[in-house]
Amino acid sequence: MVYDPKQIEPKWQEYWQKNDVYKTEIDHSKPKYYALDMFPYPSGKGLHIGHPLGYTASDIMARYKRMQGFNILHPMGFDSFGLPAEQHAIDTGQHPAVTTAENIANFKQQLSKLGFCFDWDREVQTSDPQFYKWTQWIFMQIFNSWFNYDNNKAESIESLYAIFTKAGNTQVNAACDEDTPSFTAEQWNAYSADEQYKISLKYRLTYVADSVVNWCPALGTVLANDEVKDGVSERGGHPVERKKMKQWSMRITAYADRLLTGLDRIDWPEPLKEMQRNWIGKSHGAEMDFKVDGHEVTLTCFTTRPDTIYGVTFMVMAPEHELVPQLTTAEQKAEVEAYVEMAKNRSERERQSEVKKVSGVFTGSYVINPISGEKVQLWVADYVLAGYGTGVVMAVPGGDERDFRFAKHYQLPITPVVEGTKLDENGEVAEANPTKEGIMINSGYLNGMTCKDAIQAVIKKAEEDGTGTGKVNFRLRDAVFSRQRYWGEPVPAYFKDGIPYMIKEEELPLTLPEISEYKPTADGDPPLGRAEGWTYQDQYAYELTTMPGWAGSSWYFARYMDANNANEFANIEKTKYWNQVDLYIGGTEHAVGHLLYSRFWSHFLFDRGFLPYDEPFKKLINQGMIQGNSAIIYRLKDQSNKYISAKQKGDYDQENLIEIHVTVAALTGEDTIDPEVLRTWKPEDFKDAEFVADPDGNFYCTRRIEKMGKRYHNAIDPVSVINDFSADTLRCYEMFLGPLEQSKPWDTKGIDGVHKFLRKMWRLFHQFNDQGEFETSDGTPDDAEQKVIHKAIKRLTEDLERFAFNTPVSTLMICVNELTDLKCNKHEVLEKLLLIAAPYAPHITEDLWAKMGHITSIHQATFPKHDEKYLQESSFEYPVSINGKKRTTIKVPLDMPKEDIERQVLANDVVQKWLEGKPPKKVIIVPKRIVNVVI
RNA sequence: GCCCAGGUGGCGGAAUUGGUAGACGCGUUGGUCUCAAACACCAAUGGUAGCAAUACCGUGCCGGUUCGACUCCGGCCCUGGGUACCA
């Protein structure tokens, strides 16, 4: 009988499902283990080969831990709100809910073939009203909270009212809007309830404020940065401008410090923590006030280097800064306005990355240095960002590279203020010196101080003079929470006299209304503006924006613990049992998005007593991305229908070529394309296209390794791989491909080897009779057999304990090969082999396990432990090096003392030859490693 | 630009603490089995020189630390991810 996965795999998948093998209940007698995957967005293209990578790893860990006696929570669900379904709705008119349901059905169908041990009774879908009811509920709790810096915790808004009633707000140390006025208890108590409410809005952790967005007037909508290419919309190529709009935001900045220190308590990859730290970007420095000459206006800038205050030779404000018009002189007005208009269309990313393109304009105004009293020019330049710090920088070209480039370009003065700044032959500053190491020069009373002392000195003086204060600044910005979309959670808020109010908790969920079209309205309102009667109590307009994609994904992991609870988002007793996610697996692309927002919400829910932990993910592994190998062809810009073979690229004007990603299904070889496949693939683009092939008759494309995704048409369907081989093969192969954390392009080159391994394992159980039927023997295993299996158990266990998922496949292969060589068919040995292979290849091992006579699932059996007694060696073969270069080996008993080993080594022929009669300088013996003779 | 990661044979990768570089698999070459194929099995396989023993070179590039460096340090180059409204 041969290994026939087509027969085995569906059989056992059905068995597991029917017998509820993976159903999970709280069991206080067992330790728990929560293994979680980042849930997928159910795209229309279905599962791609990257999804099963992380899912397989967590599945292996879940099965392994289950076999070690843990109670496993291993659920799956769908992040089912999102842009693609909405875009599909705009294009076809099909309701996103319908598209999403179809896609989810397809995903589940595909997932079912991979043999994962998910407990599907706990499935969640973020677009399900029974789920988003609780997303809205959490939103309300955040709205009804404020952040108290005194104890660094979110508290109920009632407690803030209580403080105001007693003491006003002068003693309150809270996260709030900048324009919050001060008031006493008397003043507060004199306010009307409405006025009090209005003031409370400045403290609540969600609030409405102006935020800058990418506005596309032609499409009447806001675009994601992703949808903007070179300043125009990706769809249609319409101009995009940056515009301020009223948006809901969340005060994540209040949690900046806790999100920073919380990282120290979790087992995440250090680079990822580093990314989050940098994203939060805590920096110490000062805010300095510069008076504008001839105006009653002060410009405040944040700087991390107040010590360089004497090096300030000009000042720069962001083009969006609200004081730009006021501070521009009549002569400079036209130039400044033109510049501001130009800067409006450049994205923040462009502005930061194109450092070589220096641009800016003089306002005509001057500011006065608060320390030196010097008068310097005030400029506007787009390398200064409105959103960071105060949107104004004091430029120190001697110490900052961007300031330096700017000063060089516009011939502004450059003063070196730190000793050791490089000068050119004319004695002018040759390059900026950004280091904090050195002694101050050209800096008045600061001269001779170290930078660090000067920083303190300047802050002290500024605070005494009232011209500045020491300040901690964060790069992190509050999180914009509004999206001008249809397919997202409605915000459970309505407006009365322009003031936002929450609906009542018992009125949740606020379900998405039906609308006729999914586009924005003619006057630029979000799609919900089309919903008829979209009002609260028939009179107050509901919020028209919806929540962002990260809302649902910021708490879904808690819902799995109590997925069907209709009265609470998750019962606290249940969340106490399951607690933190023990192993969370997902891609690095979420490093600062999802993984920061989830931490934020968890910290919040913890503060308010809704969750028993603040850090949601105890251990995290960032799986690498399985990249696609895209196929790219070239179209001539001036002839929309003409495509040229990639090899002729050089013959054309590069500006005239447009790269087009085409489906990898059209590939006929490494880099050749069959144009006929393209004609049927996308008739609207290629039906009548002209393809200019090479003289050899081939039409070449360019291949490029990049993210696998819909837009690149480079995705591979895992089900096709299962059909060609088996689910067990795919699982093992995805692990075998390399370290989980590493990104790698998908390539099926080596998959045969893994498939062969499974066949070999199968044959191991069918090798002892002529019919090839299943047969094992009861004989006692000999030492060689014991050694093979115990070596494998040890290696595999050690590797899994350190979350190395790739090397165990090799270990299993070696074990099967060695047992085959030994012609081992001992029941005791083969049973252990099945047990250790079960997490990787659940179907084949389950089948063989049943054939061995077991009546319960192998996944409910106990994982074997290795016995050291079979692995003990009596001697060790040392590699012997001369001056670090390996020359020979020497085998000595393990317990031999170092002096005796040295004697043996020196007596060795090869060593003697190298020594040429002279004694060695040194002999280094590292036990069980190496002997190195230095001559 | 900024933040993070990676770079090892023809290919995917291994080397767990600074200690035999290339485990395991693919591919290639030669062979066994077969009427033939498929399957399977055996052998070789980093490069150069050599019949061989062996020698020299070799972990992106340049330099350093060390008895010894894929591993640690400094400087570059290239590739991938993120960069706040893709998910």
Side-chain angles (χ1 to χ4, degrees), chain A residues 2 38 40-41 43 79 81-84 211 213-214 222-228 247 269-272 274-279 281 348-356 383 387 401-402 475-485 548-550 553 587-594 596 622 624-625 627 705-707 709-711 733 736-739 741-745 747-754 756-757 759-760 763 798-799 802 804 806-807 809-814 817 877-886 889 920-924 926 928-935:
Chain A
V2 295
M38 289 185 188
Y41 172 76
S43 95
D79 189 10
F81 274 131
L83 216 45
S211 302
V213 295
N214 299 316
V222 174
L223 297 175
N225 282 336
D226 209 47
E227 299 172 291
V228 183
Q247 308 270 301
E270 200 46 51
L272 187 108
E274 197 58 28
M275 268 194 260
Q276 291 214 346
R277 287 190 193 109
N278 292 335
W279 185 259
E348 228 166 75
R349 204 183 301 175
E350 275 177 314
R351 285 166 56 173
Q352 281 175 92
S353 53
E354 292 171 2
V355 286
K356 276 167 196 149
Y383 77 91
E401 275 172 43
R402 282 165 311 176
R475 205 187 74 101
L476 183 71
R477 307 204 287 254
D478 274 346
V480 178
F481 201 72
S482 283
R483 298 292 183 267
Q484 331 289 311
R485 315 278 183 198
W550 56 267
S553 61
T588 7
E589 65 269 27
H590 301 289
V592 286
H594 162 60
L596 197 63
N622 268 135
M625 193 167 279
Q627 290 147 324
I705 307 281
E706 60 194 346
K707 193 168 162 174
K710 193 181 166 184
R711 59 196 305 173
Y733 183 59
F736 186 66
L737 258 179
E741 295 85 350
Q742 197 171 300
S743 290
K744 53 231 155 189
D747 193 339
T748 48
K749 263 185 201 149
I751 199 165
D752 275 330
V754 174
K756 265 187 217 168
F757 146 69
R759 277 206 303 255
K760 265 182 154 175
R763 267 206 310 277
E798 281 174 358
D799 283 349
R802 65 183 175 98
N806 52 336
T807 39
V809 184
S810 296
T811 302
L812 290 168
M813 285 176 174
I814 294 168
N817 282 342
E877 190 168 330
Y878 280 93
V880 177
S881 299
I882 312 288
N883 287 345
K885 188 102 195 153
K886 190 202 159 195
T889 58
K921 274 192 195 143
K922 214 195 295 185
V923 179
I924 293 151
V926 184
K928 284 185 92 173
R929 293 276 186 209
I930 200 164
V931 175
N932 191 14
V933 181
V934 185
I935 59 174

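Any value given below was found using the heavy atoms of this structure, including those in side chains, with hydrogens, waters and symmetry copies removed. Reminder, nothing fancy here: chain letters follow the sequence lines and each chain counts from 1.
In this structure, A:N225 reaches the B:A84 phosphate: one of its side-chain N or O atoms is under 4.0 Å from OP1 or OP2. The shortest distance between the side-chain N/O atoms of A:R763 and the OP1/OP2 oxygens of B:C41 is below 4.0 Å. A close approach under 4.0 Å does occur between a side-chain nitrogen or oxygen of A:Q742 and OP1 or OP2 of B:G13. Phosphate contact (OP1/OP2 of B:A84, side-chain N/O of A:R477, threshold under 4.0 Å): absent.
Atom CD1 in A:I935 sits about 14 Å away from atom C1' in B:G68, given to the nearest Å. Atoms CD1 (A:I882) and C1' (B:U54) sit 16 Å apart, rounded to a whole Å. Distance CE (A:M38) to P (B:G82): 13 Å, rounded to an integer number of Å. Nucleotide B:G82 holds its C1' atom 10 Å from the CZ atom of A:R475, rounded to whole Å. Taking atom CG of residue A:D79 and atom C1' of nucleotide B:C86, one finds them 11 Å apart after rounding to whole Å. In this structure, the CG atom of A:L476 is 18 Å from the P atom of B:C3, given to the nearest Å.
For the P atoms, the distance linking B:A23 with B:U45 amounts to 10 Å, nearest Å. Separating the P atom of B:C4 from that of B:C41 is a span of 48 Å, rounded to the nearest Å. Comparing B:C77 with B:U65, their C1' atoms are spaced 23 Å from each other, to the whole Å. The P atoms of B:A55 and B:A21 are separated by 13 Å, rounded to the nearest whole Å. Taking the P atoms as reference points, B:A14 lies 30 Å from B:G64, given to the whole Å. Rounded to a whole angstrom, the distance from the P atom of B:U79 to that of B:A15 is 27 Å. Between B:G46 and B:U20, the distance separating the two C1' atoms is 16 Å to the nearest Å. Taking the C1' atom of each, B:A43 and B:C33 are spaced 15 Å apart, rounded to whole Å.
Side chain A:E270 to base B:C4: no donor-acceptor pair is found below 3.5 Å.
Under the 3.5 Å distance criterion, with hydrogens and angles disregarded, no donor-acceptor pair is assigned to the side chains of A:D79 and A:S553.
Residue-level contact check: A:K921 touches neither bases nor backbone, having no heavy atom under 4.0 Å from any strand. At a threshold of 4.0 angstrom between heavy atoms, the contacts of A:L272 with the nucleic acid are absent. When heavy atoms are screened at a 4.0 angstrom cut-off, A:Q276 is found touching no nucleic acid atom at all. A:P548 comes within 4.0 angstrom of no nucleic acid atom, judged by non-hydrogen atoms across all strands. Contacts of A:G82 with the nucleic acid, taken as non-hydrogen atoms under 4.0 Å apart, involve only primed sugar atoms and P, OP1 or OP2. If you check every strand for non-hydrogen atoms under 4.0 Å, A:H594 touches nothing. Note on A:V222: a base of the nucleic acid sits closer than 4.0 angstrom, heavy atoms only. Backbone-only engagement by A:N806 is indicated by non-hydrogen atom pairs under 4.0 Å involving sugar-phosphate atoms exclusively. Here A:P269 lies out of heavy-atom contact (under 4.0 Å) with every strand. The residue A:W279 sits close to a base: some heavy atom pair falls under 4.0 Å.
Checking side-chain atoms of A:K744 against main-chain N and O of A:P739 turns up a donor-acceptor pair under 3.5 Å. For the pair A:Y383 (side chain) and A:R351 (backbone), a donor-acceptor distance under 3.5 Å is absent. The backbone N or O of A:F481 lies less than 3.5 Å from no partner atom in the side chain of A:Q247, so there is not a single donor-acceptor pair.
In plain terms, the two heavy atoms of A:F736 and A:V754 that are nearest each other are CD2-CG2, 3.8 Å. Scanning all heavy atoms of the two residues, the minimum distance from A:Y878 to A:R929 falls at CE2-N, 4.0 Å. Heavy atoms only, all atoms of each residue included: A:S881 and A:G884 are closest at CB-C, 3.8 Å. Taking each heavy atom of A:K921 and A:I935 in turn, the nearest pair found is NZ-O, 4.0 Å.
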Distances for protein N/O vs nucleotides 16-25 of chain B N/O pairs under 3.5 angstrom?
residue	atom	partner	partner atom	Å
B:G19	N2	A:N932	ND2	3.4
B:U20	O2	A:K886	NZ	3.2
B:G25	OP1	A:N817	ND2	3.1

Enumerate the protein-to-nucleotides 72-81 of chain B contacts in which both atoms are nitrogen or oxygen and the separation is below 3.5 Å.
residue	atom	partner	partner atom	Å
B:G80	O2'	A:Q627	NE2	2.8
B:G81	OP1	A:K707	N	3.2

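Remark: A:H590 NE2 to A:L272 CG distance equals 11.5 Å, nearest 0.5 Å. For the atom pair NE2 (A:H594) and CG (A:L596), the distance works out to 11.0 Å, reported to the nearest 0.5 Å. Here A:T588 contributes atom OG1 and A:E741 contributes atom CD; the two are 10.0 Å apart, rounded to the nearest 0.5 Å.
Taking 90° from 0 as the syn/anti boundary, the base of B:G9 is oriented syn.
The pairing partner recorded for B:C76 is B:G60, the criterion being a Watson-Crick or G-U wobble arrangement whose two distances lie under 3.5 angstrom. Of all nucleotides present, only B:U48 satisfies the Watson-Crick or G-U wobble test against B:A55, with each distance under 3.5 Å. In this entry B:A69 has no Watson-Crick or G-U wobble partner, no candidate having both defining distances under 3.5 Å. When both pairing distances are held under 3.5 Å, B:A43 makes a Watson-Crick or G-U pair with B:U29. Nucleotide B:A84 forms no Watson-Crick or G-U wobble pair with any nucleotide shown, as no partner meets the under 3.5 Å limit on both distances. Using the Watson-Crick or G-U wobble rule with both distances under 3.5 Å, B:U20 pairs with nothing in any strand shown. Across all strands shown, B:C35 forms no Watson-Crick or G-U wobble pair with both key distances under 3.5 Å.
The shortest distance between side-chain heavy atoms of A:L83 and A:E227 falls below 4.5 Å.
With sequence neighbours left out, A:K756 forms a side-chain hydrogen bond (donor to acceptor under 3.5 Å, both in side chains) with no residue at all.
The listed nucleotides are B:A14, B:C85, B:C67; the one nearest the side chain of A:K922 is B:C67. Picking from B:A84, B:A87, B:C39 the nucleotide with the shortest atom distance to the side chain of A:R759 gives B:C39. Ranking B:C11, B:A14, B:U83 by closeness to the A:K749 side chain, first place goes to B:C11.
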